[in-house]
Amino acid sequence: MKDDRRIYEHPVLKFERGKRLSFYLDGKPMEGYENETIAAALHANGIKTLGFSPKLKRPRGFFCGIGKCSSCLMRVDGYPNERTCILPLKEGMKVEVQEGRGRAEIRGRERKGKVERRSTDFLIVGSGPAGLSAAAEATNMGFKTLLVDENPSVGGQLIKQTHRFFGSEREYAGTRGIDIPARLLGECAEKLLEIEKQASVFGFYPEGIAIEKRDRIELVEAKKVIVTTGAQENYLLFENNDLPGVYGAGGVQTLMNVYGVLPGKKALMIGSGNVGLIVAYQLLQAGVEVEALVEIMDHIGGYQVHAAKLLRQGVPILLNHTIIRALGDECVEGAVIKDIKSGEEQTLALDLICVAVGLSPSIQLLKQAGCRSAYIPELGGEVVLHDENYKTDAGIFVSGDGSAIEEASSAMIEGRIAAISAALELGEIEGAVEKRRELREELRSLRSCRRGEKILKGEEKLLEVYNER
Amino acid sequence: MSKTVIIGGGVNGASIAYNLAKLGESVTLIERGYITDGATGKCGGGIRTQFTTEETCRIALESSKLFDSLAEELACDIELRKGGYLILAHSDKELEEFKENVRMQNSIGVPSRILTVKEIEAFGVEPYDAVGASFCKMDGVANPFKVSFGYRDRAKELGADIRTHEEVRKISYNGGFEILTDKNNYGADFVVNAAGYESKKIADMLGVSLPIEPYKHEIFATEAMDHFLDPMLMSFSKNFYISQTVRGELVGGYSPLEAEPTEDLTPTLSFAIRAKKLFEEHLPQIKSLRLLRQWAGAYDMTPDALPILGPAGYERFIQANGFSGHGFMLSPFVGRAIASMITGSERYRDLVSSFSFERFKRGVKREKGVVG
């Protein structure tokens with residue numbers, strides 16, 4: 001597989017790809033590795049078009065890379081609408097490009113007939129920085145904890161963060177994001193922690209909390225629930241924005257940093273927030289040329305230190321610029337960008353447009369559970385209301401990007417505060433109140449910067465709406 | 001001040017508002033939430049003419065015909081698809097009843113017919129325990145949201161005053177009606193009570209007692225698939241219905257026969273699991289489909305499972321409620337009939353006379369086919 005689009009040399013990452021597997025795309029044999037998802041393996045084989053839209057038959061490709069956007073749906077082993085970005089590759093798999101909605105066939109998904117029940121002290125939904133930190137606190141306080149994640153690996157978005165973290169030492173400042181999940185897992189009391197991967201919590205029912213696994217449904221009874229479902233990438237309106245090759249920044253990170261697959265050869269980055277700046281630099285590290293980074297505002301949104309790294313590598317950061325059109329028929333072949341001050345347009349030849357225009361909290365599960373929400377732009381949009389202990393009015397706790405778009409360091413602290421607060425409702429715990437006070441202090445100091453002010457203002461608004469009722 | 005105030009912004013309230021406005025009448029509609037917020041937004045979208053009582057068949061037939069030209073009339077797509085209703089008979093006794101129903105239905109112009117087991121299979125439906133079925137090609141499905149919004153939008157254009165997020169608190173009568181909401185005060189000659197199961201609470205405000213009780217019904221929708229199911233598949237004895245929408249989703253509802261009245265509309269997992277199993281017996285394709293959404297709504301049940309259309313307690317306090325699960329499918333007819341009643345026309349008098357509030361004093365017999 002010499003001609004493939006995999007990354008074999010990387011300044012930070014080593015890819016452990018596992019066993020080589022063969023699979024089929026529309027009957028054509030292809031090769032991939034056991035530690036890849038279907039979408040990653042296809043991309044490595046140069047396949048970007050995964051399906052066609054039902055009505056207009058527009059090509060559809062990869063976008064979010066974390067099972068949230070439904071852009072990568074394909075038919076796998078006869079089953080339509082599989083999210084190929086989170087479904088691991090298996091030997092002999094038959095993958096088909098899906099045209100339209102997919103056929104319903106007379107064949108059963110193998111499921112055990114009975115719904116199984118289980119119980120736990122803590123149920124934590126999502127294994128990102130907030131979820132893992134909450135699990136560490138909960139298990140160390142002696143609570144049996146079930147940690148559920150719909151992705152194939154634990155760690156949420158940490159598993160693709162190759163940069164070193166800022167912030168405080170307790171939140172692993174100076175450590176690369178990719179190394180944090182193992183450290184947090186190491187903090188957990190192992191005997192009390194159960195982890196379910198590739199499992200989705202899909203509803204809070206009168207009968208219990210329902211989890212879907214590939215072969216069955218389980219009903220969980222939990223004394224306390226913490227939801228840390230993270231965020232989903234915002235989209236941007238421009239002509240042809242649905243062409244394969246227009247990928248979310250997080251999706252691009254998944255391809256190149258988790259699976260070691262090149263998302264493209266030449267890229268345009270949209271957005272100069274920290275995500276845009278960091279991912280643009282990571283593209284360079286992976287060997288992708290970054291033609292330009294466009295930012296519609298008149299200033300850079302993220303930290304200067306990240307921007308400086310890009311500028312040193314000669315990547316132009318074009319302020320007052322935006323994308324107005326993607327070019328190409330079946331996938332991206334170029335982009336037209338525009339200077340919004342002068343009106344001047346420029347055409348760039350490239351095969352990757354990376355969208356980094358912010359995130360929105362994934363609050364669907366919490367809304368299903370009956371939590372109230374409000375639109376608070378400072379916190380990333382529609383957010384679930386909670387008190388200062390991160391407790392929602394449905395009694396469920398929330399933390400991390402799922403409660404407000406901030407960063408991994410604050411997510412870790414919030415996860416701990418939520419876990420301690422939930423635990424305190426079950427009884428007194430020595431030193432817990434004091435620890436929570438310290439964590440709150442840490443969070444305050446983390447937010448004592450320009451960006452933190454915005455969050456603080458948002459939190460204030462949130463508490464105000466929360467207390468309105 | 002409008003001549004008529006309609007309470008309730010479901011599909012029937014919206015249809016009545018549109019039909020009144022079309023006749024040049026002044027009308028105000030008051031809805032507590034948004035248009036379709038109640039049972040309309042939770043219904044399965046079925047349209048059928050195969051009822052077991054002749055008077056219901058007659059109005060359902062009128063309504064079904066009106067649906068055929070509704071998209072044109074409302075100048076919007078209503079996602080109407082008439083693939084028929086296929087109602088399964090699970091015993092010889094049930095099939096005999098269906099034969100009688102079909103005879104009655106045919107006599108008034110409903111083109112229903114009896115299907116053999118082989119003919120059921122020809123529709124791509126597994127008969128499983130069915131011994132036959134009745135089928136009518138005039139039946140089908142449409143999108144309750146699009147129909148309601150169509151009525152609302154055209155009503156507005158014709159001058160109707162549509163008030164949402166406003167709740168009626170008190171109604172009094174003193175030669176005319178006075179309606180007090182949390183925001184305003186309205187006077188009206190006519191009040192139309194189209195508030196679904198909460199019509200009972202509205203009528204209570206005027207000291208009129210309606211025999212309506214809420215029954216919870218749950219529904220699910222699967223992922224959207226290529227079209228494979230033409231008819232709405234239904235069973236009276238198993239109390240379920242399922243159809244495929246124009247958008248490709250399978251929308252199905254099932255309710256236990258032994259349910260009690262309740263206002264608790266929380267969806268349950270046991271419903272989803274039981275319903276899916278029931279449907280799989282007749283549509284094995286369901287096994288490989290994911291359920292994407294589920295929800296519950298309330299039927300506004302009357303003792304005979306038939307609607308209340310016309311005055312109750314006061315000559316000008318008009319009921320359009322008690323639809324018992326058939327409000328959406330009857331709404332094109334109900335809009336016309338109630339508007340006609342208010343404007344003093346005799347046109348629909350005979351058709352609606354069987355649905356008067358007075359019938360409950362005489363005693364009633366229950367309509368058998370209730371679900372869907």
Side-chain angles (χ1 to χ4, degrees), chain A residues 51-55 57 67 70 73-83 87 98-117 150 200-221 364-365 367-370 394, chain B residues 77 79 121 123-128 216 218 220-230 233 242-252 256 262-296:
Chain A
F52 291 89
S53 68
K55 267 194 191 164
K57 312 291 173 209
S70 300
L73 301 184
M74 298 184 83
R75 195 176 176 85
V76 178
D77 287 339
Y79 296 110
N81 298 334
E82 292 285 5
R83 292 179 292 177
L87 193 59
Q98 189 175 315
E99 300 201 19
R101 295 171 177 138
R103 288 185 307 276
E105 284 186 356
I106 303 180
R107 53 182 298 176
R109 204 177 279 276
E110 289 301 312
R111 270 191 204 290
K112 287 187 191 166
K114 231 177 89 190
V115 175
E116 280 172 38
R117 290 179 174 272
E150 64 178 345
S200 307
V201 175
F202 67 91
F204 290 82
Y205 286 96
E207 298 99 323
I209 304 158
I211 303 182
E212 192 209 13
K213 298 205 221 156
R214 283 202 70 79
D215 62 344
R216 65 178 179 275
I217 288 171
E218 286 184 355
L219 269 177
V220 177
E221 232 172 276
Q364 295 88 340
L365 183 63
K367 289 295 283 184
Q368 189 278 332
Chain B
D77 177 23
E79 294 182 2
E121 281 171 355
F123 278 98
V125 172
E126 183 69 44
Y128 193 64
K216 171 181 174 177
E218 298 193 53
F220 68 57
T222 68
E223 59 190 310
M225 306 306 294
D226 284 344
H227 180 77
F228 73 91
L229 181 64
D230 274 333
L233 185 67
I242 183 163
S243 72
Q244 190 171 19
T245 67
V246 169
R247 302 175 305 281
E249 306 152 325
L250 287 149
V251 174
T262 176
E263 289 190 30
D264 173 15
L265 300 180
T266 314
T268 61
L269 183 65
S270 46
F271 154 75
I273 289 169
R274 280 170 79 179
K276 194 164 186 259
K277 229 179 220 157
L278 265 181
F279 294 139
E280 282 171 7
E281 293 174 353
H282 300 286
L283 298 168
Q285 297 95 327
I286 301 265
K287 277 186 197 165
S288 61
L289 299 191
R290 297 177 182 85
L291 304 190
L292 285 197
R293 301 190 299 283
Q294 68 174 103
W295 64 93

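Letters A, B, ... mirror the listed sequences (proteins, then strands); counts begin at 1. Remember, it's a predicted structure, so these values are computed and weren't measured experimentally.
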Heavy-atom pair of closest approach, residues [X] and [Y]:
X      : Y      : answer
B:M225 : A:G102 : CE-O, 3.3 Å
A:N81  : B:R290 : O-NH1, 3.1 Å
B:P267 : A:P206 : O-CD, 3.2 Å
B:L289 : A:A104 : CD2-CB, 4.1 Å

Original post:
How about A:F52: does its CZ atom have over 12 heavy atoms from other parts shown lying under 6.0 Å from it?
Top reply: yes
**OP:** Could you tell me whether A:E221 atom CD has more than 12 heavy atoms of other residues or ligands within 6.0 Å of it?
**Re:** no
Original post:
Is there side-chain contact between B:Q294 and A:Y205, with at least one heavy-atom pair below 4.5 Å?
Top reply: yes
Original post:
Can you tell if the side chain of B:L269 reaches within under 4.5 Å of the side chain of A:F202, non-hydrogen atoms only?
Top reply: yes
Original post:
Could you give the distance from CD1 (B:I273) to CG (A:L219), rounded to the nearest 0.5 Å?
Top reply: 6.5 Å
Subject >> Point-to-point distance, once rounded to the nearest 0.5 Å, from NE2 of B:H227 to CZ of A:R101 >> reply: 10.5 Å
**OP:** Could you pull out all residues at least two apart from B:E280 that satisfy salt bridge (Lys or Arg N to Asp or Glu O under 4.0 Å)?
**Re:** B:K276
Subject >> Pairing residues for B:R247 by the salt bridge (Lys or Arg N to Asp or Glu O under 4.0 Å) criterion, not counting sequence neighbours >> reply: B:E79, B:E249
Original post:
If only atom types and distance count, is the side chain of A:E207 paired as donor or acceptor with the main-chain N or O of B:S270 below 3.5 Å?
Top reply: yes
